[in-house]
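Have a look at the structure below before the remarks.
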Amino acid sequence: MIRSGLLERALWAATVVIASLGALGTMRAVPTGWPALPALPWRAPAPAEPLPPDTVAAAADAIAANDPFRLDHRPSTVAYRVELEGVAPPPPP
């Protein structure tokens, strides 16, 4: 039976040799350039038309009105404060 120390040294030597061969092969590799990209089967979409200014406000109102997690569908009367949660306050700016 082979001694464990001798086996371990042999395995380490094999590892170093294989890693060295891999490094040499990588360093001697010749770059062949970038592969050709295939042509896209579609064109880029046309630029979007600008949205009317009240669109975002109307979307926000619709989301707030249909929010299933808000019971009264109005903003909270109490402002959020970190101190009320019992966590450390954020660092000062």
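Cluster partners of Val16 are absent, since no Ile, Leu, Val, Met, Phe, Trp or Tyr has side-chain heavy atoms less than 4.5 Å from it. Hydrophobic side-chain contacts under 4.5 Å tie Met27 into a cluster, directly or through other members, with Leu24.
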Report all side-chain donor-acceptor pairs from residues 46-61 shorter than 3.5 Å, counting only partners two or more places apart or in another chain.
residue	atom	partner	partner atom	Å
Thr55	OG1	Pro52	O	3.1

